[in-house]
Structures are given as structure tokens and as C-alpha cells.
Student: 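Below you'll find the structure I mean.
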Amino acid sequence: MNIDHQLRSEIEAAVVALFGQPAQAIQIQPTNQEFEGSHTLVCFPLTKLSKKGPEETARMIGEKLSTGKLVSKFNVVKGFLNLSISDEAWLKVLQELVANPDYGRQPSTGKELMVEYSSPNTNKPLHLGHLRNNFLGYAVAEIYKATGYTVHKVQIINDRGIHICKSMAAWQLFGNGETPESSGMKGDKLVGKYYVEFDKAYKSQVKELVAAGRTEEQAEKEAPIMRMAVDLLQKWEAKDKDTVDLWKTMNGWVYSGFDATYRRMGVDFEKLYYESDTYLLGKEEVMKGLASGVFFRKEDGSVWVDLTGDGLDQKVLLRADGTSVYMTQDIGTAILRFRDFPRIEGQVYTVGNEQEYHFKVLFLILGKLGYAWAKKCYHLSYGMVDLPSGKMKSREGTVVDADDLMEEMVTDAAAQTAELGKTEGMSNEEIASLTEMIGLGALKYFLLKVDPKKRMLFDPNESISLQGHTGPFIQYTHARIRGMLRKANLNTGDRLTVTDYPSGLHELERNVIIRLSQYPSKLEEAAREYSPAIVANYVYALAQDYNQFYQSIPVLQETDAGKRGMRLAFSKATADVIRSGMRVLGIGVPDRM
RNA sequence: GGUCCGGUAGCUCAACUGGAUAGAGCAUCAGCCUUCUAAGCUGACGGUUCGGGGUUCGAGUCCCUGCCGGAUCACCA
């Protein structure tokens, strides 16, 4: 039973009965804390129908509604009709959600969606920005799963091009055969190190050349190490065996390094797309578009798309020498994905907001090529994570490394856990897995609670808190409930039941039930808005509501069996919704902490 | 310069898409552990929602305008 829908239809009926015609829009909102009731009908818009003042209109509707079984009480403040739902109705809601461990999750609708996230460059280790990207993409995918979609998580691996050749060149020059095994470094860190080496050597070579009288531009082209990288790129494109072997080896190092990071982050991918596999397809598609007149060729041989009709510019798709650009590859990749997964209705691209223009153009082009699904492609654009000093700059060494940050979070969590004396009676393994859960939970929640499209601030000097509006607060609420349920079963074999509740619900109990009833619609809203923050803030509010109840109303001490059973039941329901909500955010919840 | 995004308590963020006296957390201060886990709870303090106009019963939210910050406007990815 869905209270919202039921109430809405009763109000619609009441309006017709009272004023002779249906209202265009019924506006229901949650009642403010300070007033009695849970649902509020905004009556100002209805005065046109009623031809009465807002208060009189509200009173009339209120009286009509309270003749039914759903609404038990009402009060009118200005034009706001505050409605109290009967306890019987709330208990029925509770009954249903207690019986359903998957409450809130929709059964499969048969719809499919693809979500791309992560897609890092292979020359640098993952950093804080990637964490936001990964957690967001993963969570959006899980939210869609919860609303009945089959979701395919993918990423595109940018394994081709000059950047990887730079690392290769530097490794050949300075590496002395160093490997992840010989150095004990993670593969991505090792390759990243040589990318930095390249940059250093390159800069000093440019400086020397400029000192020797070259112009800046000449020097940048002539620097020996850059020539070497370009040479490697050409050899790679010509499929020179040694070069391809080195490329494979070094990319392999990066992948195994990334894999370790992804594993700790708890994210996964169904399929990986490699740019080295897909970039040629983009060219073909562009050539087809050229043939069909969607694109045009300039005198120098380069191929362009004209978007001036859409308020944008002209955009190059193939260079004069026939090589492809970023856009070309993305066209190819998008089309390939719809071939691989013909049932998906669209794609979500989790990519930073600095690429908004790029995706606007990409979707327009795909539409022009005649792909109807282009309309269902969505750029999940998110803001940068800034440091107090501004943007992260690798040059200034202010990049916050993903592995380091996760490790720090877990270390902090372990320290606080020990300090609070929570580790008593736990094995080392249990402690390790608990602190991992808390540290990563704090980090993920911190990054997910903010509206994705907003920029956010991270202060590395101030460790992420474990108190207040945080992941661990919610995890703790869950652990407390589980502890209580353990005790209940152990001690008395209590059954969870909502029958026989003798007296009226306490306000604090009702608040929790009302909050629980909102979970499914919050998931839907989060999917519609592509915003895990909506789930994050909802679960927090639920934990807050529950904690208020918990501190002032006894459960296990309650002697009345009916009350006790009901309170246990909705405590269990709360724990389940917390677990479910945190799960779509990729955050685990412990049974004790 | 054009386009897009943002500006809410000292700080970090909310505000159900136009609703009531703008809410949480952190920080500060004052309380609550012989009752189910104090990573918790209660209270206090804290606001010209960047400024100025407008639209209407009603504006943080919509429109205009100005200011500040960011992104973007590459034959880079």
C-alpha cells in the first residue's frame, strides 16, 4: 500500500465532490516539523476552483477527508492543510515493508542502461578526482539497478597515443629494466614515475635548446626525448613488434595497478573498451557520414561537422593526414557499444564538467548520424574536487593520490576504533575488515553526499570526520540496531511483528515510519536526477530519526509484548533500509562497531 | 569577449523543483552514560540566501541587471 498515492486519489475525489471539477495540480508536500501531521496539501492553487479563501478551502477539504479511514486528523495554517494519517495506515505500511527484505528495490522492468565511469589516462595513477568519478558512476549504476534496470558498467581505456609513448621513452632511457616486481612499486605508480621523468628530461632539453638559440617552438619539437616518443608512436602505429611488446608490458603494469585500486574502492566493470581497439571504427563512421553528406571536407582534406545551426561551431573530426581526434573515437565507441548491447536505451557518461562542450557536440553528431538513441545519452557531469589551495596540480605536487588517501582513511578509522575501545573481543581480521569498511565508508560518503554537479572542497590537512553527517554515523546506527536484534533473538526468541499494537504510535516512532515510507520514491528521484546525493542525504535523515527514537524509547526493556514486537520490527526495517541505501552507494554496513 | 555552471550560518553542505518562521553537520558553549553500543542524544549561539530591480497570494528557487569564482570555446585527451 502506498500512502502517497492513496492520499492523492482521496484528495482528487474530495476536490471533485466539493467543487464539481478536478484540480489540475494537487500539490502535496511533507509537513514541517513544527506542525502536526505528515502530509500537507497546499491549498492556494485550489482557491480558483473553490471560489473561497485558502483557509476555508483547506478546512472544507480537511473535513471531507477525515470522513475516510486514511486521514485521522487535520489542521489548517494559512492555506496549508496539514493531514495526519491514521496509525492503522502507518502500521499497515510498516507491516508490508518488514515482510519485504528488498523493500524499495523495484523488480526488473526489462530496461537496460549502460554507465561509463572511471576511464582514466594510463600514464598517471588515480587521484582524488577519480575517486569522485568512480564512486558516482558506480552509485548511479546501482541506483538504476535498484529501480529495475539491467545496468552495464563499462569504461574506455585510453591506452593509445603519445602519452603512453612518453612513459615508454623515459623507461627505455632511464629504466634499467625496472619492473613492478624489481622495484616493489605498483605498476601504475611505476609508469607514472616515468611519465614524470619524461617531463623533467623534456623540460631541461627544451631549456638547453632555447639557450642554444632555438625558438621555444623549435625546441619543443626538436628535444631528443620528444622525438623518441613520437618515433615510438609511429612505430606503434606501424605495429613494430618490439614497440608493441613494450607497450603491452607497460600497459599491463598499469592495469594491474589500477585493478588493485579498483578492488579496494569496491567498484567493478562488466566490460572494458580499449581505445586501441575502437579508434579505427570512429574513422569508418565519419567516412560514412561524409558520404551521406552529414559532414564535409575542407580543401586540406580534413573532415568537419557544421554545428552552427545548433548554435555551436564547426568541429574537426579527421585531421588532414587522416588521423582521428578524440571526438572521432568517441563516435566509434558509442556506436560499438550499442552494437554490443542492442537492448540498452541509453548511455550515461560519468565525466568531469570540463567536458560538457565535448559531450554536447558528441550527442548532436550521433543524432545527425541518425541514431535515435542519441537523445538518451546523458553526460553525468560533476564538479572538480578542489583543495583549499585551489585545483590539484601535479606539477606542484598537490595531487591527492587515491591509494594513499584510502590508506589514510583506514588508518584513521583504525586509530579511532581502537581509541573508543570498540575492538574488544574482535580478532585481528575482524578489526581489519571493520576499519576498512569504516574508513572507506567515510570517504565514499564524503564524496557522494554532495550534489554531483557542484564543485566540492577537500582539505587534506583536516582528516575526514567520522562523526556527524558522515558514513560512519549511519554505519553506527545500523550496528546498534543489529546489536539490539541480536540480543532480542538470543534472549527471548522474539518474533518481529507489528500486530497487536495497543496504543497510539509515539511521535518518534511515527517519524521513523514516515521516513521509511519515502525510500522507494527517493530511489526513483535519485535515478531521475542521476544523484546519489539524494540517497545519501535520505539515509542520513533516516538514521537521525531513528537515533532520536532510540535514545528516548525503550525496546528491549519494554514489557508490553505488542509494543516490543512492533519496535523490534521497525528497528529491523530501519536497519534493512540503511543497508539497502548504503549498498547502492557502494558502502558496507557492519553488524557491530 | 560568447556559452555553461556555481555563490545559502565562521567552515562543509541541505532545502522534495514556486510554499509556512531557510535546515543539518563541523566549530564554540551548556547538559545527558548503574536502562537496548556516547562514532549517540538534548539545548544555546549563529542568516540582508552576493548586490539591485521585477513577476504573484507567496521567490534561496523564475525573469532582467550588475559583482565574484570556476569551466569551456584546440587538427590535446
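Reminder, nothing fancy here: chain letters follow the sequence lines and each chain counts from 1.
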Student: Round to the nearest Å and state the distance from A:L448 atom CG to B:A14 atom P.
Tutor: 12 Å
Student: Hey, does A:N82 reach any base, or is it just sugar-phosphate, or nothing, if we go heavy atoms under 4.0 Å?
Tutor: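 Base, at least one base heavy atom under 4.0 Å.
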Student: Look at all strands and tell whether A:K522 reaches a base, only sugar-phosphate, or nothing, counting heavy atoms closer than 4.0 Å.
Tutor: nothing
Student: Measure from the side-chain heavy atoms of A:K487 and tell me the nearest of B:A77, B:A71, B:C36.
Tutor: B:C36
Student: May I have the distance from A:M437 (atom CE) to B:A39 (atom C1'), rounded to whole angstrom?
Tutor: 15 Å
Student: Would you say A:R319 reaches B:C76's phosphate, i.e. side-chain N/O to OP1/OP2 under 4.0 Å?
Tutor: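 For B:C76, OP1 or OP2 has a side-chain N or O of A:R319 closer than 4.0 Å.
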Student: Show your reasoning for whether side-chain contact (heavy atoms from CB on, under 4.5 Å) applies to A:L272 and A:Q155.
Tutor: CA-CA 5 Å; A:L272 306 183; A:Q155 63 169 323; 3.5 Å; yes
Student: Can you identify which nucleotide, out of B:U21, B:A39, B:C75, has its nearest atom closest to the A:M593 side chain?
Tutor: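 The answer is B:A39.
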Student: Classify the nucleic acid contact of A:T417 as base, sugar-phosphate or nothing, counting any heavy atom under 4.0 Å across all strands shown.
Tutor: base
Student: What's touching nucleotides 3-13 of chain B from the protein side, N or O pairs under 3.5 Å?
Tutor:
unit_1, atom_1, unit_2, atom_2, d
B:G7, OP1, A:K454, NZ, 3.4
B:C13, OP1, A:L457, N, 2.9

Student: Angle between ring planes, A:H469 versus A:Y540, binned at 30° and 60°: parallel, tilted or perpendicular?
Tutor: parallel
Student: By nearest atom, which of the nucleotides B:A77, B:A39, B:U17 is closest to the A:L466 side chain?
Tutor: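 Taking heavy atoms from C-beta onward, the closest nucleotide is B:A39.
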Student: Near RNA chain B, which residues from residues 29-44 of chain A have a heavy atom under 4.0 Å away?
Tutor: A:Q29, A:P30, A:N32, A:E34, A:F35, A:T40, A:V42, A:F44
Student: Under 4.0 Å between any heavy atoms, over every strand shown, what does A:E558 touch: base, sugar-phosphate, or nothing? Just pick one.
Tutor: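 Touches nothing.
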